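Since the structure comes first, as structure tokens, the remarks are kept for the end.
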Amino acid sequence: MRVTQTTTERGLNQSILPMRLYQKAKKLGIWDPRDIDLTQDKEDWKGLSDAEQQYVLRLCSMFQAGEEAVTRDLLPLVRVISLEGRLEEEMYLTTFLWEEAKHTEMFRLFLDDVVGVKRDITEFHGENYKKIFYEFLPEAMEALIQDQSPEAQAKASVTYNMIVEGTLAETGYHAFYTSLKRLNKMPGLISAIDYLKKDESRHIGYGTYLLSRLICENENIWDVVNSHMETLLPYAIGVVNEIITPDENMPFGLNIDEFINFAMKQFQFRMDTLERARTRNVDEIYLISEESVGVLR
Ligand code: MN
Ligand code: FE2
């Protein structure tokens, strides 16, 4: 029988991390892609070299499909959390899904208004990219429809929050910052990336909390997390390699090794944070600070 939490003594627990993230999202996650001024971006686009345009277009095609994928694939996790009666977590996840939808909208807006591209740009998706976004991610998330076990939840969150968001998206922002932002180009797109990065810091913060909770609650989950991270790492590094192709003469003077190092650093930071959960108890995880899981502002 259903127990209604909000109208009983239990009420809503404002102190746990997901509820604090929910409160933050209501203030910080309300930016509107349509308010972003892309006038200067249109001018700047015309001034880029062919190799630079290719690079920005490839990066955007990876983000566009990536944002669409995370928008479509989150739902099974929201359902699992709801079935477990974790109302505060579900409330946070409503903001999470809405934000991914806005990220999808943002890149489409940029492609339509600035680049004016109407053709299929999935040609920019390499083998590793396809493996992660066409296979690993949807499969891990859809598995939750049949299987709500802690193991299945851990695999889903590792794929979605740690690899796709925590390693790849973070490296993608870095790619925009070290090219366009460094040269003061495309201020509209860069301001959108600033918003995205803040939204994503809450998503990754939630994922870190979820995995930490699962690790604390179940003896075997650390091994599941550890081995799934290791399974996905080579593909993630493969995607980073696909950001630049060798024939492009390194647009914006970029260095691929620097990108790989950046991605590895992100990956290691996620691993270290999760490993700390092994020594904690669940009550400590509930009260974990936003700062310790990297939530911005
Ligand atoms: Mn996103
Ligand atoms: Fe996200």
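One-based numbering, in listed order, for ligands and for the atoms of each. Everything numeric here is computed off the predicted structure, so don't read it as measured data.
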Heteroatom N/O/S of Glu67 within less than 2.8 Å of the Mn ion (ligand 1): yes
Identity of the N, O or S atom of Glu100 lying closest to the Mn ion (ligand 1): OE1
Centroid-centroid under 6.0 Å between Phe133 and Tyr235 rings: no
Of the N, O or S atoms in Glu200, the one nearest the Fe ion (ligand 2): OE1
Main-chain N/O of Leu21 paired to Glu290 side chain as donor or acceptor, under 3.5 Å: no
Under 3.5 Å side-chain donor-acceptor pair for Ser292 and Ser289: yes
Cation-pi geometry met for Lys181 and Phe176 (6.0 Å, 45°): no
Side chains of Gln266 and Arg270, donor plus acceptor under 3.5 Å: yes
Shortest-distance N/O/S atom, Glu165 versus the Fe ion (ligand 2): OE2
Short N/O/S contact of Glu67 with the Fe ion (ligand 2) (below 2.8 Å): no
The Mn ion (ligand 1) reached by Glu165 (N, O or S, under 2.8 Å): no
Under 2.8 Å: N/O/S of His203 next to the Fe ion (ligand 2): yes
Metal check, the Mn ion (ligand 1) vs His203 N/O/S, cut-off below 2.8 Å: no
Name, closest N/O/S atom of His103 to the Mn ion (ligand 1): ND1
Glu200, N/O/S atom nearest the Mn ion (ligand 1): OE2
Heteroatom N/O/S of Glu99 within less than 2.8 Å of the Fe ion (ligand 2): no
Heteroatom of Glu100 nearest to the Fe ion (ligand 2) (N, O or S, atom name): OE2
Donor-acceptor side-chain pairing of Gln54 and Asp50 below 3.5 angstrom: no
Arg86 and Glu90 ion-paired at < 4.0 Å: no
Aromatic ring proximity Tyr160/Phe96, centre distance under 6.0 Å: yes
